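On a predicted model such as this, the values are computed, not experimentally measured, just so you know.
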Amino acid sequence: MAAVTTPPAPGASAISGLGRALVQNGKLRLDQADSIAKSATASGASFVDQLLASKLMTSRELALEAAQIFGLPLIDLSAYDPGLMQVEAIDKKLIQSLRVIGLHKRGNKLTVGVSDPTNFQAIDQIKFQTQMLVEPVVVEHDKLISLTDKLAQTEESKLNELAGVELNLDFADADAPATAESTAEIDDAPIVRFLQKVLMDAINDGASDIHFEPYEKFYRIRFRVDGVLREIAQPPIAIKDKLSSRIKVISRLDISEKRVPQDGRMKLVLSKVRAIDFRVSTLPTLFGEKIVMRILDPSQAKLGIDALGYEPEQKETLLSCIERPYGMVLVTGPTGSGKTVSLYTCLNILNQPGINISTAEDPAEIQLAGINQVNVNDKAGLTFAAALKSFLRQDPDIIMVGEIRDLETADIAIKAAQTGHMVFSTLHTNDGPTTLTRLMNMGVPTFNIASSVILITAQRLARRLCSCKEPANMPDHALLEAGFQDDDLDGTWQPFKPVGCERCKGSGYKGRVGIYQVMPITEAMQRIILDGGNAIAIAEQAKREGVADLRRSGLIKVMHGATSLEEVVAVTNQ
């Protein structure tokens with residue numbers, strides 16, 4: 001560090017530290033360094049910030065010069081394993097104010113990354129706070145700023161930020177008055193902060209559900225991410241009652257009632273333009289109340305049809321059917337297969353100022369402006385059938401029924417489709433052909449089915465392979481057994497397998513992709529229905545007409561590299 005002790009050039013006494021060293025080594029002119037130093041003082045910024053803003057040096061050039069001038073090692077933060085960094089060694093407030101980062105600790109010695117090695121005041125503060133010997137190394141300033149900004153999003157800062165987030169409660173079914181005892185029970189700041197952190201972590205991880213599960217000797221929290229549950233925390237079992245009460249209070253549920261299941265809803269406002277709804281369900285178990293919160297993100301309904309995973313011909317068939325003036329479109333699949341998102345994507349496409357759209361749901365999961373949404377309430381007599389009857393007196397163009405559960409609802413929906421309305425609904429069946437036989441079994445006359453249903457879409461959600469995927473070597477006989485045809489094995493595509501990385505948290509999958517069977521009801525199928533044909537006959541006719549079943553659609557996704565063969569076999573087990 002001899003360069004620092006060299007007598008300064010005339011007039012350079014106002015410049016010290018890194019600026020003076022750069023002037024002495026011919027990297028800056030005296031007037032440039034003086035101007036930068038004065039600007040930094042006036043703006044309250046550091047000399048390094050002002051120097052880089054002046055464009056006289058890049059962050060990389062400055063780091064190289066500082067390392068050479070002061071004889072210090074130069075560390076590339078982008079190549080440094082974040083898991084090895086000693087983030088906890090230095091107080092988080094000092095990391096932000098001093099712009100430093102702990103990199104390595106050995107014994108009583110802490111290696112610290114800095115962009116200005118002459119900031120001795122910062123080094124002294126770290127020594128005092130850590131009570132350790134501090135060895136500075138040079139890092140690039142832009143990478144250091146980026147890293148420290150990321151570290152600012154720590155648990156504590158998230159909780160502090162969320163403390164000011166407004167929780168708007170828009171569901172009031174069991175609005176019980178809070179007693180003094182109950183108020184004291186849930187008025188616990190750590191519980192509030194912990195719950196807020198769990199909610200934000202779930203949103204950031206892309207979870208669809210949060211499970212709070214009490215057991216005899218432990219309490220666990222799990223997220224369902226990409227259709228798979230994974231444990232994320234085991235908080236102390238002592239907080240289970242307080243946490244349950246807190247959730248019930250913000251969901252407008254009766255906190256004194258712990259013997260029967262309850263359903264509620266809450267809204268978390270993240271910003272002026274984004275809010276997340278949660279559907280809350282409580283269930284009494286042997287060791288306390290299990291609570292499941294379904295995360296309802298309205299932005300999912302606005303992704304657009306291209307993001308859902310339809311093949312081009314499937315997309316074309318679907319769009320041509322939903323734009324017809326009347327008829328019934330049915331979406332089928334098990335719980336959690338994305339039926340609601342598919343329906344709302346279609347409604348979003350049709351949502352125009354000149355069209356009247358009404359929906360009856362149990363409950364309305366996604367709120368869309370311009371659509372008249374009704375929550376059914378069986379206790380009050382507002383059933384799907386009752387809502388449908390009311391819709392027909394409301395001058396509708398398009399009607400969406402959350403689910404066809406009984407003959408009365410099916411009958412009204414079919415009559416609406418036959419009298420100039422477009423009707424959307426869902427059924428819980430395995431595929432397209434069995435949906436038609438399910439309607440028959442419910443008692444719907446075959447001629448009504450044949451004359452009203454115009455399209456059935458069956459769907460599943462498969463986990464999408466992460467970018468860390470690798471080619472999988474699979475013998476031809478294994479591919480043929482899975483359902484591929486001889487013509488598919490032409491060597492123009494390669495199956496992939498999951499690997500696991502930090503981005504996908506080791507699972508090998510990130511996000512999900514839809515697998516669809518889009519089956520239009522043709523005249524040939526109508527004749528089979530009128531003749532009382534079964535699902536097998538309908539499926540054979542669909543195959544003759546080129547309709548890909550769920551397994552075939554999944555295999556196409558494998559050929560495109562979107563998912564793995566194992567995942568397709570798991571979700572389309574036929």
Please check if the side chain of [X] supplies one atom and the backbone of [Y] the other of a donor-acceptor pair under 3.5 Å.
X: Glu61; Y: Thr58; result: yes
X: Lys557; Y: Leu565; result: no
X: Ser54; Y: Leu51; result: yes
X: Gln125; Y: Ala122; result: no
X: Gln494; Y: Ala472; result: yes
X: Asp277; Y: Lys267; result: no
X: Glu567; Y: Ser564; result: no
X: Arg106; Y: Lys109; result: no
X: Thr563; Y: Ala462; result: no
X: Gln459; Y: Tyr516; result: no

Self-check item: Met132/Ile126 under side chain to side chain contact (heavy atoms under 4.5 Å, CB included): CA gap, chis, key distance, verdict
Solution: CA-CA 8 Å; Met132 300 178 71; Ile126 297 171; over 6 Å; no
For [X], does the [atom1] atom sit with more than 12 other heavy atoms under 6.0 Å from it, leaving out its own atoms?
X: Asp31; atom1: CG; value: yes
X: Gln121; atom1: CD; value: no
X: Gln129; atom1: CD; value: yes
X: Phe218; atom1: CZ; value: yes
X: Lys27; atom1: NZ; value: no
X: Gln234; atom1: CD; value: yes

Which value, rounded to the nearest 0.5 Å, describes the distance between [X] atom [atom1] and [Y] atom [atom2]?
X: Leu368; Y: Asn351; atom1: CG; atom2: CG; answer: 7.0 Å
X: Leu103; Y: Glu135; atom1: CG; atom2: CD; answer: 11.5 Å
X: Ile349; Y: Tyr344; atom1: CD1; atom2: OH; answer: 14.5 Å
X: Ile556; Y: Ile515; atom1: CD1; atom2: CD1; answer: 10.0 Å
X: Ile95; Y: Ile101; atom1: CD1; atom2: CD1; answer: 4.5 Å
X: Ile295; Y: Arg279; atom1: CD1; atom2: CZ; answer: 12.0 Å

Exercise. Before accepting this row, confirm whether a basic side-chain N of the pair Asp226/Arg464 lies closer than 4.0 Å to the acidic partner's carboxylate O.
Key: no
Quiz item: Is any NZ, NE, NH1 or NH2 atom of the basic residue among Glu231 and Arg222 found under 4.0 Å from an Asp or Glu carboxylate oxygen of the other?
Solution: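 Looking at Arg222 together with Glu231, the answer is no, because their closest N to O distance does not fall below 4.0 Å.
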Quiz item: Under the side chain to side chain donor-acceptor pair (under 3.5 Å) test, which residues partner Lys315, sequence neighbours left out?
Solution: Asp306
Quiz item: How about Phe287 and Tyr215: are their ring centres within less than 6.0 Å of each other?
Solution: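 Not close enough - the centres of the two rings lie 6.0 Å or further apart.
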Report yes if the side chains of [X] and [Y] come closer than 4.5 Å at any heavy-atom pair, otherwise no.
X: Ile250; Y: Arg246; value: yes
X: Leu268; Y: Met200; value: yes
X: Lys290; Y: His211; value: yes
X: Lys143; Y: Asp76; value: yes
X: Ile247; Y: Met293; value: yes
X: Arg265; Y: Leu296; value: yes
X: Ser115; Y: Glu140; value: no
X: Thr359; Y: Leu347; value: yes

Quick one: closest heavy-atom pair of [X] and [Y], and the distance?
X: Pro214; Y: Thr285; result: CG-OG1, 4.0 Å
X: Gly338; Y: Leu461; result: N-CD1, 3.9 Å
X: Arg230; Y: Asp205; result: NH2-OD2, 3.9 Å
X: Pro334; Y: Lys339; result: O-NZ, 3.0 Å
X: Gly309; Y: Val513; result: CA-CG2, 4.2 Å
X: Val280; Y: Leu253; result: CG1-CD1, 4.4 Å

Distance only, no hydrogens: is a donor on one side chain within 3.5 Å (strictly under) of an acceptor on the other, for [X] and [Y]?
X: Asp241; Y: Ser244; result: no
X: Gln262; Y: Ser251; result: no
X: His141; Y: Asp116; result: no

Quiz item: side chain to side chain contact (heavy atoms under 4.5 Å, CB included) between Arg463 and Val228: does it pass, once the steps are laid out?
Solution: CA-CA 9 Å; Arg463 290 181 294 171; Val228 178; 3.8 Å; yes
Quiz item: Where do Phe70 and Val138 land on the side chain to side chain contact (heavy atoms under 4.5 Å, CB included) test, with the steps shown first?
Solution: CA-CA 9 Å; Phe70 298 106; Val138 178; over 6 Å; no
Exercise. Could you please spell out the steps behind the side chain to side chain contact (heavy atoms under 4.5 Å, CB included) verdict for Val198 and Ile221?
Key: CA-CA 9 Å; Val198 169; Ile221 298 174; 4.1 Å; yes
